[in-house]
Amino acid sequence: MKVGYRFFILVVSLILFGIIDVCYAQKLNNNFYKETCSRVEKIVEEIIQNRSRSNPTLGAKLIRLQFHDCFVRGCDTSVLLDTVNDSKAEKEAIPNQSLSGFDVIDEIKTAIEMACPKVVSCADILALAARDAVSAPFKKWLWDVELGRRDGRVSLATETSGNIPGSFANISSLIQLFNRKGLDVNDLVVLSGAHTIGVSHCGAFSRRLYNFTGKGDADPSLDGAYAETLRKQCPNPASPTVTVEMDPESSVSFDNHYYHMLLQNKGLFVSDAALLADRNSNRAVIQLQRSPYSFFPAFAKSMKKMAAIEILTGNAGEIRQNCRVVNPLK
Ligand code: HEM
Ligand SMILES: *[C@@H]1O[C@H](CO)[C@@H](O)[C@H](O)[C@H]1NC(C)=O
Ligand SMILES: *[C@@H]1O[C@H](CO)[C@@H](O)[C@H](O)[C@H]1NC(C)=O
Ligand SMILES: *[C@@H]1O[C@H](CO)[C@@H](O)[C@H](O)[C@H]1NC(C)=O
Ligand SMILES: *[C@@H]1O[C@H](CO)[C@@H](O)[C@H](O)[C@H]1NC(C)=O
Ligand SMILES: *[C@@H]1O[C@H](CO)[C@@H](O)[C@H](O)[C@H]1NC(C)=O
């Protein structure tokens, strides 16, 4: 009896510790590289500061790269891998919608491998680099980045569709895609606010200007005068090389101006305009538009969630030595 009881306690404790261990392994933290690479944040910061000076659009490139990474196989930098075999990698998905910033990540990775080889993941580098680049015009970090992610070994172009929302997505499919990643309607509205910086190619929205329903018509939900301005910038058919600012009145400043545009029916994509179509998302848009200062903490909170989607931690995945290729098998 007594032995049975002790055995019971032992089993229960083993299970409990097992659960605690699993939860702990899932958790990222701020001191992950304290012992192994204490200079990691400084190295990223220096390179991003330098690069941002000559390239103010870097923040837009890197945060979009992080979004596309996290929504396909989680934040494991599958998006950074080059194609090595017959099946194309994520970055070659058609359309890969002009992702860029890969060279900056390479530069950082090279510097970090020199300082502390084989300990810092590409996934953590991307999370830090995106944060630092978007924050560059500010005197402080706009959000906190916890560390401890590991890198994946698989990247498939075929997994992009169905995970990355298209520019013509309606509100129900946007909500569904975000829900599948553990993000709610509020996160959807808040993170879409990243469209306050950066540019888009005409092809992502030109159907709204010229042929919305296939009858040579414009999208009636798009402000008429704004549509006219956009038609001047994007003649039909859309040129693959022309881009327009997504938030033209405040394109380089990371702020809540995107929500002002939405409420004037000047959201660029169908997916932007769609945020007005649902009661909850509409309420979130109005709230973010009215109080400029609520945007920053809200964005920080949702970024933290996005940056933790399906992450690899503990012994899962690997620490890639070159962000473009998986490590050779031992
Ligand atoms: C809600 C669903 C979303 C859709 C449908 C969407 C779609 C798009 C499209 C079509 C472009 C233009 C790409 C091009 O033509 O070059 C774009 C650009 C951009 N997106 Fe999104 N996006 C979404 C969410 C997000 C999120 C969550 C973020 C980041 C948190 C983000 C950040 C950006 C940025 C910064 C750009 C500008 C990139 C540049 O200037 O190079 N987007 N997005
Ligand atoms: C800063 O960038 C320039 C060119 O982009 C490069 O020549 C220089 O070495 C960089 N400096 C640092 C400290 O990274
Ligand atoms: C995007 O896809 C095209 C065509 O598949 C490819 O030529 C290009 O290199 C890709 N871009 C990136 C950044 O990999
Ligand atoms: C090579 O292709 C196969 C599918 O044919 C895929 O499972 C594998 O992950 C690919 N290699 C890399 C490095 O992605
Ligand atoms: C939204 O888009 C999805 C996917 O394209 C489609 O299946 C669905 O019918 C659309 N819903 C509405 C309400 O239009
Ligand atoms: C408009 O769309 C319809 C149906 O998709 C297509 O047949 C027509 O050629 C398009 N017109 C223009 C001007 O692009």
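Every number for a ligand or one of its atoms is a count from 1 in the order of the listing. No hydrogens, no waters, no symmetry mates; every other heavy atom, side chains included, goes into these values.
- The presence of a protein heavy atom under 4.0 Å from atom 2 (O) of ligand 5 is confirmed.
- The nearest non-hydrogen atom to atom 14 (O) of ligand 5, considering only L177, I171, N170, comes from N170.
- For the pair N211 and ligand 6, the shortest N or O to N or O distance falls below 3.5 Å.
- Going from atom NZ of K88 over to atom CG of L156 covers 13.0 Å, rounded to the nearest 0.5 Å.
- In this structure, M246 counts as a contact residue of ligand 1, since one of its heavy atoms falls inside 4.0 Å of the ligand.
- Looking at ligand 1, you'll find an N or O of H195 within less than 3.5 Å of one of its N or O atoms.
- Evaluated by nearest non-hydrogen atom to atom 5 (C) of ligand 1, the leading choice among A169, G198, P240, G166 is G166.
- Heavy atoms of A169 found under 4.0 angstrom from ligand 5: none, in either backbone or side chain.
- By the 3.5 Å distance cut-off applied to N or O atoms, S192 is not counted among the residues near ligand 1.
- The protein heavy atom nearest to atom 13 (C) of ligand 5 is S172 OG, 4.2 Å.
- Within a 4.0 Å radius of atom 9 (O) of ligand 5, the protein contributes no non-hydrogen atoms.
- Counting heavy atoms only, G214 comes closest to atom 5 (O) of ligand 6 of the residues P237, G214, G216.
- Nearest protein heavy-atom neighbour of atom 4 (C) of ligand 5: S173 CB, 4.4 Å.
- Within a 6.0 Å radius of CG in N315, other residues, nucleotides and ligands contribute 12 heavy atoms or fewer.
- At a heavy-atom cutoff of 4.0 Å, ligand 1 is contacted by both the backbone and the side chain of A60.
- Ligand 1 lies within reach of L188, whose nearest heavy atom is under 4.0 Å from it.
- For ligand 1, the polar-atom distance check finds an N/O of K61 within less than 3.5 Å of one of the ligand's N/O atoms.
- Distances between N or O atoms of V199 and those of ligand 1 include at least one value under 3.5 Å.
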